[in-house]
Amino acid sequence: MSHAVLSSQRPSADTEATALEVRGLGKSFAIGGLFSRESVRALHGVDLTIGRGEIVALVGESGSGKSTLARCVARLERPSSGEILLDGVDVLKRDRFQASRAFRSQLQMVFQDPFGSLNPAHRVEHFLRRSLVIHRKGGSSETETQQRLEELMTTVGLQADMLNSYPHELSGGQRQRVAIARALAVEPRVILADEPTSMLDVSVRIGVLNLMRKLRDEQGISMLYITHDLASARYLADRTAVMFAGELVEEGESLDLLASPAHPYTQLLVSAVPDPARAGSYDPVRRAELRQAVMASTSCAFDSDPNQACSAEEPVRHGVGDPENRHWVRCHLYRPQAGAGGHALATEPTDNKASA
Amino acid sequence: MTVSQVSFGSHEPVLDVKNLTVKYIGDTRSTTAVDRVSFSIGTGEVFGLAGESGCGKSTIANSIMRLLKDPAKIAAGSISFGGKDVLAMSPEELRRFRWQDVAMVFQSAMNSLNPVLTIGEQIVDIFTTHAGYSRKESLRRAGQLLELVRIDPARLKSYPHQLSGGMRQRAVIAMAVALKPSLLILDEPTTALDVVVQQEIMAQIKELQRELGFSVLFITHDMSLMVELSHRMAVMYGGRIVETAKAQDVYANPRHPYTQALMGAFPPLTGPRVPLTGLPDGVKFRNIPDLTEAAPGHFVAPFGADAEAAVLEGAAR
Ligand SMILES: Nc1ncnc2c1ncn2[C@@H]1O[C@H](COP(=O)(O)OP(=O)(O)O)[C@@H](O)[C@H]1O
Ligand SMILES: Nc1ncnc2c1ncn2[C@@H]1O[C@H](COP(=O)(O)OP(=O)(O)O)[C@@H](O)[C@H]1O
Ligand SMILES: [Mg+2]
Ligand SMILES: [Mg+2]
């Protein structure tokens, strides 16, 4: 095993230039029957930017709204409010009713399930060729198309003769690589990957993460990496954003955020990651306090600092540590109203009493 | 020294699996899901069984519980529990064995609760049917049991759908330890749960284990979780055990390339970012030989240059 330290500053990174910006994004789902007026708030006021050639991880428990955010940005879902800017252009204004082909050639999504996303009746070549044709990226001759197909396979670490394989002949990891190749065929600027490794066998997950890193480094592709696995976010992402009940509560350079999480929810998540290096350091009393802090905060942690103190109306983003790390935390006195997410925390109140 | 002689708690193993081979018999071809597997678990010991989906972990658990169904056949080997031959038990003996001696929690156990009965009714049922307690006594014990897993006894009146996933899984664990079995089998008990809930349930199991002193067979594909919880562990690949040792030794010094790949799949939460490689897609090990003792108590299946029979196939990158 090599012990080279991975650089966190890539040559292609241009953190000044923004590839994707989300402003004040909100999404409510109507629930109940046709005439029901009830709705559940899955996203609320989400602001997020991804620089060119940057990978941002979005972490949080299941139900916290991660997929809803990705689906809204990919235009698979219509957001209730907010703006989505791709290379500075407000895409909700530009393509009002549905995503245009231009949009889809800028932004592609990779899903969790590599089995469901490939039609079993077709060979690998079909999926890639189709993307090339639709987005006119296949060159001007069949020779060029063939060359491009082989290039795509090589890029994602597959042998060119697998173009003739059917999905069922491939392993889960290989199928996910095909799904990534299909996204790459359109030469997108941004890829949204929603838990791309969570259905894969553990020993091949790292390979897929390494591929994503390679695409960032060599092609400058920007990515949103959605995961509930904090360790993999730390491994892959330049920055990590934490979602709790549909709102972002903390964000920062990944190593810094996971080394010094400031929001009690982030602290709780970090403390729950199994890590043999810390085995035995688990303290049930501390955990109960954290849980209490997440569920019923009583004071602003920044009250003592007049420059940082919260206004009474609105949660404020507080800077954490070195500004270099772009690490901020939202005051947890104004904790997200768990309209939808945070279910695990909200529905297990007996833990407080018992483990304290 | 053979593998089955190494155990943690005591020298008298609670469970002793020897040379177990299980096949699924098909019309045209049969698969060997478990292939000459041997291990033992001592009193009060937590033994982990790690490996990816399809490597045969659940088949082993089901063999021990005698729950294997039709196409499955135990082709060779023995399973003994407290000196008794499990494979020779009569249906009458099995009924006792299953709840009182060994209990099992499945991955999706929380969904296997009966939706039309309250939690209380389901626990009371275990006590009245298997332990012969009166209804009143059973109800009292059911309340105690919920308290043991930190669920408010008022929840006895709740239906499964009224509890969160984490609570349901805890209720199932409570039911499993109801009759104080000496061995608890946990087959991926937290795979469907979020990390925070998973951590709490594992802490709970640890605590119960300390309190009640049962042995545990803990099955998971999460190496970090396994190392945290287990005293000793085995790593399986394609129905074979490729490595077994104290969990800390496997963690600190994984020897088999497959174990190394599994370990490498879990990036650390501290220290510098170090590139990891995992296992290349499509790599397969074949003809895995028997374990040999590579260091005291640390058994590894020979691989690579050590063993002509162990072939590493596939497009390594
Ligand atoms: N189509 C939908 N209709 C109603 N509620 C939905 C729908 N999609 C998602 N939700 C709700 O929105 C919340 C966030 O879900 P999701 O974005 O899938 O979370 P995550 O991906 O973080 O697990 C959940 O409470 C979920 O039940
Ligand atoms: N009912 C069955 N019929 C045929 N093959 C089966 C059956 N159940 C399991 N298998 C096979 O046995 C092997 C081991 O499966 P299992 O014990 O469930 O693995 P694990 O629990 O490690 O995921 C797999 O290759 C699987 O395909
Ligand atoms: Mg999701
Ligand atoms: Mg299984």
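Here the structure is a predicted model, which means the values were calculated and not measured. Proteins get letters first, then strands, A, B, ... in listed order; numbering begins at 1 in each. Just so it is clear, the values below take in all heavy atoms, side chains as well, and ignore hydrogens, waters and symmetry mates.
- A 6.0 Å sphere centred on NZ of B:Lys157 holds no more than 12 heavy atoms belonging to other residues, nucleotides or ligands.
- Side-chain atoms of A:Ser203 and B:Glu52 include a donor-acceptor pair closer than 3.5 Å.
- For A:Asp201, the parts lying under 4.5 angstrom from a heavy atom of chain B are both the backbone and the side chain.
- Between B:Val195 and A:Leu269, the shortest heavy-atom distance links the atoms CG2-CD2, 4.4 Å.
- Looking at B:Gln198, the atoms closer than 4.5 Å to chain A (heavy atoms on both sides) all sit in the side chain, from C-beta outward.
- Across all non-hydrogen atoms, the minimal contact from A:Ser254 to B:Arg273 is CB-NH2, 3.6 Å.
- Formation of a donor-acceptor pair under 3.5 Å by the A:Tyr235 side chain with backbone atoms of B:Leu276 is found in this model.
- Residues A:Ala231 and B:Pro267 come closest through the heavy atom pair CB-O, 3.2 Å.
- Not one N or O on the side chain of A:Arg205 forms a donor-acceptor pair closer than 3.5 Å with the backbone of B:Ala265.
- Considering B:Met263, B:His221, B:Met223 as possible partners of A:Val202, the one that fulfils the side chain to side chain contact (heavy atoms under 4.5 Å, CB included) test is B:His221.
- Within a 6.0 Å sphere centred on CD of A:Glu324, other residues, nucleotides and ligands contribute 12 heavy atoms or fewer.
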Stepwise side chain to side chain contact (heavy atoms under 4.5 Å, CB included) check, A:Ile206 with B:Phe266: CA-CA 8 Å; A:Ile206 281 289; B:Phe266 295 90; over 6 Å; no

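- Counting heavy atoms from C-beta outward, B:Asp222 and A:Pro274 have side chains that approach closer than 4.5 Å.
- Of all the heavy atoms in B:Gln199 and A:Ala272, the pair that sits closest is NE2-O, 3.1 Å.
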